[in-house]
Every structure is written in C-alpha cells, then in structure tokens.
Amino acid sequence: MKTYAIVGNQYEGLYTKPWSEVQKYTQTKPAPKYKGFTSYAAAKQWFDENQAAITATYRNYETVYDGEFKREAQHYYIFTDGGSRNTGNVAGGHVKATDLAAFAVVIFAGLDNKNPLYKNSVGFFGKTNNEMEVQALLAALQQAQKVAEPVTIVSDSKYVLDTVTNWMYNWQSNGWTKKSGEIANLNLWQQIYDLVQQQKDHLAFIWVKGHATSAGNQLVDQLLNQAMDELK
C-alpha cells in the first residue's frame, strides 16, 4: 500500500490515502518535507528520522544578521570562509586556471572572541568560490573532531549551510545522486557527511551576514585574502 509521509507543518504524519487527497496537505507555508513509499515501514522510518532532525542542532542553522550570538563558556566556535577572485565572471565565463582562491578557518574558545586559538588559511589557483567555502567547512570539521566539547561552526555561505544541514542527506539517501544533475564538489561533501555523523551530538551551525558586523567572519575574510595575495 502506498504510504505518504509529511514532516514540518500542521499536517505532519503518515497517510495511506490517495495522493490526490494527500497533496493538499503538502501545499502549505512553510513548505513541509514529504515523500511517498511503497511500504508503511519505510515511510515510518523516514518520518521518524526527519522528525528527529527538526530539533537536532546539526540539522539546522541559526540565522544571525547582526553578527552577535550567545556564547557558551565550555564551547568552541569555528569561523570559516572561502573566496575566489574569478576574473572569468566579468565576461560571464568560468574560473580561469590563473585565478586566485583561498579558504580560512579560525577557532575561538568560549566567551573570548578576540584571541583565536587557531588560525589557518590556504591559497589555490583556479578554484571556485563555492569549492573554497566547502573546503573551509571540511577543514573546520577536521579540527572539531579533535575536541569533545560542543562546537559551533559559523559561516556566511547559505550554500554550505543548506547543504550540510539538509541537501547532503537527500543526496546520500539517493546514492549520492540528484535529479537535477551532477553534485558539485561531491568528494568533499562525502567526507563532510562522514565527519558530521561522527560528531553530530556536539555540533551546531550559525549563518552570519558576510563582511558585516561579525569580527570572526571579518577575520577569516582577511586571512583568505592575504593567502590569495601571497600567491601572486
């Protein structure tokens, strides 16, 4: 029997009614997640996993426009950023092999947002902005793996945060494929998925507006631009 699962709105639940009746339950704001299954058991498993994910910090991210968020003493905060000076964009083209790119990662402990425990930036030639953002996230997760305390990763890339908290789970469940075509930076996302699963119980994410009022975000931007300058 076909079973439909809906998560994330007032009609959340499992339905064995025809799709013609269930469809109206999915057309709400905010839009829910939903999926059809050939068995009730499969639908129930998907429903339970996705319902739990709604409250899991590693499956959501906090949005902070003014750069200020509450800090905890026994906590690490990792700021990430990536960038590319893509000269091909001027003419509507692609990244050139000579274009400069870099990513940076900075770690602060607890309430201190002025004295980083760790700083790192790496420059590359011919990489896209998105690839550098993803590389920064991977580097942050590799550092987070070294501690047992809670870690919050702070990024100004919604592409990165939407993917790490949502899209990559759909790709993984579909055998690392997506209907719209090739998954960009697939190898990096597969590594990120594994690292998140290993430390998800103490992992959270925050989005801040880029190059605005967040001192940590400004610092990683400065570091990655220095890394690009050093490649010249």
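Position 1 is the first residue of the sequence, and the numbers go up from there.
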Validation row, ring centre Phe37 to ring centre Tyr4 under 6.0 Å: no
Main-chain N/O of Ala41 paired with Gln45 side-chain donor or acceptor, under 3.5 Å: no
Pairwise distance CG(Leu14) to NZ(Lys44) - rounded to 0.5 angstrom: 7.0 Å
Glu21, CD atom: more than 12 neighbouring heavy atoms under 6.0 Å: yes
Separation of Met168 CE from Gln190 CD (nearest 0.5 Å): 11.0 Å
Smallest separation among heavy atoms of Val105 and Ala139, with atom names: CG2-CB, 3.8 Å
Closest heavy-atom pair and its distance - Ala227, Ala102: CB-CB, 3.9 Å
Note, Met1 side chain near Thr38 side chain (heavy atom, < 4.5 Å): no
Thr3 side chain near Tyr15 side chain, heavy-atom distance below 4.5 Å: no
Single-linkage hydrophobic cluster Val160~Tyr65, side-chain heavy atoms < 4.5 angstrom: yes
Sequence neighbours excluded and cut-off under 3.5 Å, please list the side-chain donor-acceptor pairs for residues 148-155, or say none.
residue : atom : partner : partner atom : Å
Thr152  : OG1  : His75   : NE2          : 2.8
Ser155  : OG   : Ser157  : N            : 3.0

Distance, nearest 0.5 Å, that separates CG of Asn50 from CD1 of Ile6: 12.5 Å
Neighbour count above 12 (heavy atom, 6.0 Å) for Glu182 CD: no
Closest heavy-atom pair and its distance - His94, Asn86: O-OD1, 3.6 Å
Donor-acceptor contacts under 3.5 Å from residues 120-137 side chains, at least two apart:
residue : atom : partner : partner atom : Å
Thr128  : OG1  : Glu131  : N            : 3.0
Glu133  : OE1  : Gly82   : N            : 3.3

Trp207 six-ring face occupied by Lys158 cation (under 6.0 Å, within 45°): yes
Step-by-step side chain to side chain contact (heavy atoms under 4.5 Å, CB included) determination, Trp46 to Lys33: CA-CA 11 Å; Trp46 183 91; Lys33 294 182 67 175; 4.0 Å; yes
Any donor-acceptor pair under 3.5 Å from Asp99 side chain to Lys96 backbone: yes
Cluster overlap Tyr76 with Val196, hydrophobic side-chain contacts below 4.5 Å: yes
Heavy-atom neighbours of Lys209 NZ exceed 12 at 6.0 Å: no
Atom pair CG (Leu117) and CD1 (Ile78), whose distance is rounded to the nearest 0.5 Å: 10.0 Å
Whether Asp112 side chain and Asn115 backbone form a donor-acceptor pair below 3.5 Å: yes
is_close_aromatic(Trp171, Tyr193), centroid dist under 6.0 Å: no
Whether Phe79 and Phe108 hold their rings parallel, tilted or perpendicular, with breakpoints at 30° and 60°: perpendicular
Val7 reachable from Trp167 in the ILVMFWY side-chain graph, under 4.5 Å edges: no
Heavy-atom donor-acceptor pair, Asn225 side chain to Asp221 backbone, under 3.5 Å: yes
Reported CG-to-OG1 distance for the pair Leu161 and Thr63, which is rounded to 0.5 angstrom: 8.5 Å
Joint cluster assignment, Tyr159 & Tyr58, ILVMFWY side-chain distance < 4.5 Å: yes
N/O donor-acceptor pair under 3.5 Å between Gln199 side chain and Leu141 backbone: yes
Arg59 (side chain) donor-acceptor with Thr165 (main chain) under 3.5 angstrom: yes
Shared hydrophobic cluster, Tyr118 / Leu111 (ILVMFWY, side-chain heavy atoms < 4.5 Å): no
Heavy-atom pair with the smallest gap, counting every atom of Pro116 and Leu219: CG-CD2, 4.2 Å
Arg71 versus Tyr77, closest heavy-atom pair with distance: CA-OH, 3.1 Å
Check: Asn170 main-chain N/O paired with Asn174 side-chain donor or acceptor under 3.5 Å: yes
Ring-ring centroid check Tyr61 Phe205, cutoff 6.0 Å: no
Point-to-point distance, once rounded to the nearest 0.5 Å, from CG of Leu223 to CE of Met228: 11.0 Å
Considering all heavy atoms, the nearest Tyr169-Val164 contact: CE1-O, 3.4 Å
Tyr25 and Tyr11 aromatic ring geometry - parallel, tilted or perpendicular at 30°/60° bounds: parallel
Step-by-step side chain to side chain contact (heavy atoms under 4.5 Å, CB included) determination, Gln10 to Thr28: CA-CA 9 Å; Gln10 66 268 40; Thr28 63; 4.2 Å; yes
